[in-house]
There are 2 protein chains.
Amino acid sequence: MNQEDNASVNKLLQELEHHILNFEYGQSPSELYEPISYIMNLGGKRIRPLLTLMAYTLYKGDYEKILTPAMAVEVFHNFTLMHDDIMDDAPLRRGKPTVHEKWNANTAILSGDVMLVKAYAMLLNISPEKLPNCLRLFNQTAAEVCEGQQHDMNFETKEHVSEHAYIEMIRQKTAVLLGFALEFGALLADASDNDAKKLYDFGVNIGIGFQLKDDLLDVYADQAKFGKQIGGDIIANKKTFLLIKAKELAEGENKEKLNYWLNVKDFSKEEKVSAVTSIYNVLGIKELTESKMHDYFMKGFEQYASIKTPNEFAYQNLLNLTQDLVEREK
Amino acid sequence: MNQEDNASVNKLLQELEHHILNFEYGQSPSELYEPISYIMNLGGKRIRPLLTLMAYTLYKGDYEKILTPAMAVEVFHNFTLMHDDIMDDAPLRRGKPTVHEKWNANTAILSGDVMLVKAYAMLLNISPEKLPNCLRLFNQTAAEVCEGQQHDMNFETKEHVSEHAYIEMIRQKTAVLLGFALEFGALLADASDNDAKKLYDFGVNIGIGFQLKDDLLDVYADQAKFGKQIGGDIIANKKTFLLIKAKELAEGENKEKLNYWLNVKDFSKEEKVSAVTSIYNVLGIKELTESKMHDYFMKGFEQYASIKTPNEFAYQNLLNLTQDLVEREK
């Protein structure tokens with residue numbers, strides 16, 4: 001394959017966006033289908049379907065054939081966002097009103113339901129002999145994503161969450177879908193089972209790393225580059241990897257201070273963020289989290305390096321995309 | 001096939017109940033999976049999976065093979081009940097607290113989501129060559145059920161609903177799933193496309209008839225045999241077939257009276273039920289609805305009579321089951 005035959009990340013993203021923009025989910029009743037177009041067109045980086053397309057191009061060039069099944073992964077992801085936003089009572093999604101705010105909770109429940117059905121319908125656009133295996137993997141992934149969301153909700157009212165339980169939660173809630181996206185692309189391109197499995201593990205490991213990075217950025221991002229308010233997780237007592245490690249390691253005065261800030265009802269947000277960050281600094285939480293994150297990234301990239309793709313250009317493309325994500329500062 | 005080889009409705013129902021009772025949806029987190037077992041074991045007549053099994057036995061005897069895919073239809077149905085109950089703010093389901101009442105709305109949303117995923121997983125238990133077609137029909141059906149529910153919610157705030165729009169709503173919300181249940185059983189048993197299609201139409205037509213019967217029973221049931229309070233739909237101004245026809249036909253004094261009862265805020269329930277029933281009686285609404293219902297039943301049974309099953313016993317069994325449902329008084 002010549003380099004000219006290879007699609008750049010931008011070209012893949014452009015075709016994917018075009019496909020998403022023009023996709024017809026259904027017509028009537030409009031109350032059911034408008035929220036789907038709305039959430040799907042709020043933007044986002046389209047990482048998941050892009051991973052599917054890029055995994056496919058590691059082995060085959062005709063990615064146009066799999067735009068619809070690749071998009072199914074994005075539809076599924078946005079279905080989970082639509083329902084998660086109801087559960088989290090979130091007012092905004094990508095800076096715009098969430099579906100349950102713009103319409104109402106019932107519409108968000110039912111539009112979400114039909115989105116999940118449509119994701120399955122889009123997955124059917126693959127050759128029949130691949131369908132049972134791909135659907136089995138998708139079902140497994142979808143159930144795990146729901147399990148992860150339930151664990152996350154459970155953690156809100158739990159006093160103690162272990163590091164292990166936290167990692168397992170983020171694996172299910174966010175990482176397995178990245179793994180599936182990659183494995184799915186590989187399977188559609190007739191990659192070996194070994195490569196497909198390696199790509200799944202690659203996705204899961206970098207997915208866990210990405211979430212640890214999210215946790216880190218909430219506290220240690222450069223405010224000039226970061227889109228959101230620094231310290232949102234600290235203000236909300238969110239059980240991130242940082243807080244879980246701090247609770248595990250804090251002793252004496254630090255433990256007392258941390259408990260004070262976790263329990264005080266009336267506080268200055270700025271003061272709380274600054275005080276908890278100081279405790280994190282004293283305990284070396286940043287370095288601990290970075291080290292954990294790097295372990296997952298490294299493990300992921302090692303797995304990626306062991307696949308047997310004939311296409312060096314596509315290999316570099318996917319490597320660059322994921323490394324950009326690893327190095328993002330917002 | 002000898003009559004001894006044939007399974008009675010009771011035997012099918014018994015094996016189905018056993019299969020449902022012992023099915024393992026998932027283990028952890030329990031907050032996600034307990035509500036599924038809860039709603040699935042609230043009882044119910046199991047009509048839909050029974051229709052799948054009975055349609056199968058029209059052509060083949062080894063129905064044990066399809067217990068899991070047949071049960072998928074019941075899991076899907078109960079998923080819609082779990083989410084509909086949130087949307088309708090219903091406190092009770094089969095006399096027991098609804099899932100969102102017993103747990104909370106978030107649990108009912110997420111457990112419902114995972115139920116839909118599990119229904120798909122259960123549908124995978126069919127031979128791979130049948131999978132694409134069966135899944136396509138299921139996706140189409142599932143989307144229509146959601147569309148019907150959205151139309152039903154839309155009707156609540158609409159001034160005028162036409163007879164045509166109402167029939168189309170109940171077709172989508174309740175009838176197509178009965179059609180799918182029958183067609184699915186036929187397809188799994190390698191029936192001809194013609195028979196499969198006829199069974200689908202049979203299910204849809206009797207499904208519409210059943211809903212018209214529900215509408216009728218709310219007003220004209222024998223209170224001694226009926227499980228619920230007579231006139232619940234009248235009290236709630238529910239846009240049933242009866243009310244839609246009455247609004248269409250009422251003139252002069254009847255129209256004034258009907259409008260009065262539809263708009264009055266403070267009223268005696270008993271008086272309202274009695275007054276609206278009188279208007280229905282004057283307008284001949286009962287006979288009109290019965291005639292419409294019989295049209296659908298007749299059309300359905302004609303389609304059923306035209307299938308080419310080799311098994312007279314199974315044919316009679318399914319005929320008896322559906323006729324019992326047609327003649328039920330509660």
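Sequence lines set the chain letters: A, B, ... in the order given, protein chains first and strands last, and positions in each chain run from 1.
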S.K.: Taking C-beta and beyond as the side chain, do A/L135 and B/L135 meet within less than 4.5 Å on heavy atoms?
M.R.: yes

S.K.: In terms of heavy-atom proximity below 4.5 Å to chain B, should A/Y33 be classed as side chain, backbone, both, or neither?
M.R.: side chain

S.K.: Between B/L116, B/D88, B/T80, who has the most heavy-atom pairs with chain A when the cutoff is under 4.5 Å?
M.R.: B/L116

S.K.: Using a cut-off of 6.0 Å, state whether more than 12 heavy atoms not belonging to B/K96 lie near its atom NZ.
M.R.: no

S.K.: Are more than 12 heavy atoms from other residues, nucleotides or ligands located less than 6.0 Å from atom NZ of A/K65?
M.R.: no

S.K.: Return yes when atom CG of B/N237 has more than 12 non-hydrogen atoms of other residues, nucleotides or ligands closer than 6.0 Å, and no otherwise.
M.R.: yes

S.K.: Let me know which of B/S30, B/P29, B/S111 forms a side chain to side chain contact (heavy atoms under 4.5 Å, CB included) with A/Q150.
M.R.: B/P29

S.K.: Specify the closest pair of heavy atoms between A/N139 and B/A121, including all atoms of both residues, with the distance to one decimal.
M.R.: ND2-CA, 3.4 Å

S.K.: Checking B/F79 against chain A: side chain, backbone, both or neither under 4.5 Å from a heavy atom?
M.R.: side chain

S.K.: Tell me the closest heavy-atom pair linking A/I109 and B/M87, and the distance in Å.
M.R.: CG2-CE, 3.8 Å

S.K.: Mind checking whether B/Y120 and A/Y120 have parallel, tilted or perpendicular rings, split at 30° and 60°?
M.R.: parallel

S.K.: May I have the step-by-step check of side-chain contact (heavy atoms from CB on, under 4.5 Å) for A/M153 and B/L110, ending in yes or no?
M.R.: CA-CA 11 Å; A/M153 294 198 295; B/L110 200 57; 3.7 Å; yes

S.K.: What is the minimum heavy-atom distance between A/C146 and B/V114, and which atoms define it?
M.R.: CB-CG2, 3.9 Å

S.K.: Counting heavy-atom pairs under 4.5 Å with chain A, which one of B/N104, B/L32, B/N106, B/I126 comes out on top?
M.R.: B/N106

S.K.: Kindly check if the number of other-residue, nucleotide or ligand heavy atoms within 6.0 Å of CD (A/E129) is above 12?
M.R.: yes

S.K.: B/N154 versus chain A, heavy atoms under 4.5 Å apart: side chain, backbone, both or neither?
M.R.: side chain

S.K.: Report yes if some heavy atom in the side chain of A/V145 is under 4.5 Å from a heavy atom in the side chain of B/V117; otherwise report no.
M.R.: no

S.K.: Is it true that, when you exclude B/N41 itself, more than 12 heavy atoms of the residues, nucleotides or ligands shown sit nearer than 6.0 Å to its CG?
M.R.: yes

S.K.: Check the surroundings of atom CD in B/Q27: do more than 12 heavy atoms from other residues, nucleotides or ligands lie under 6.0 Å from it?
M.R.: no

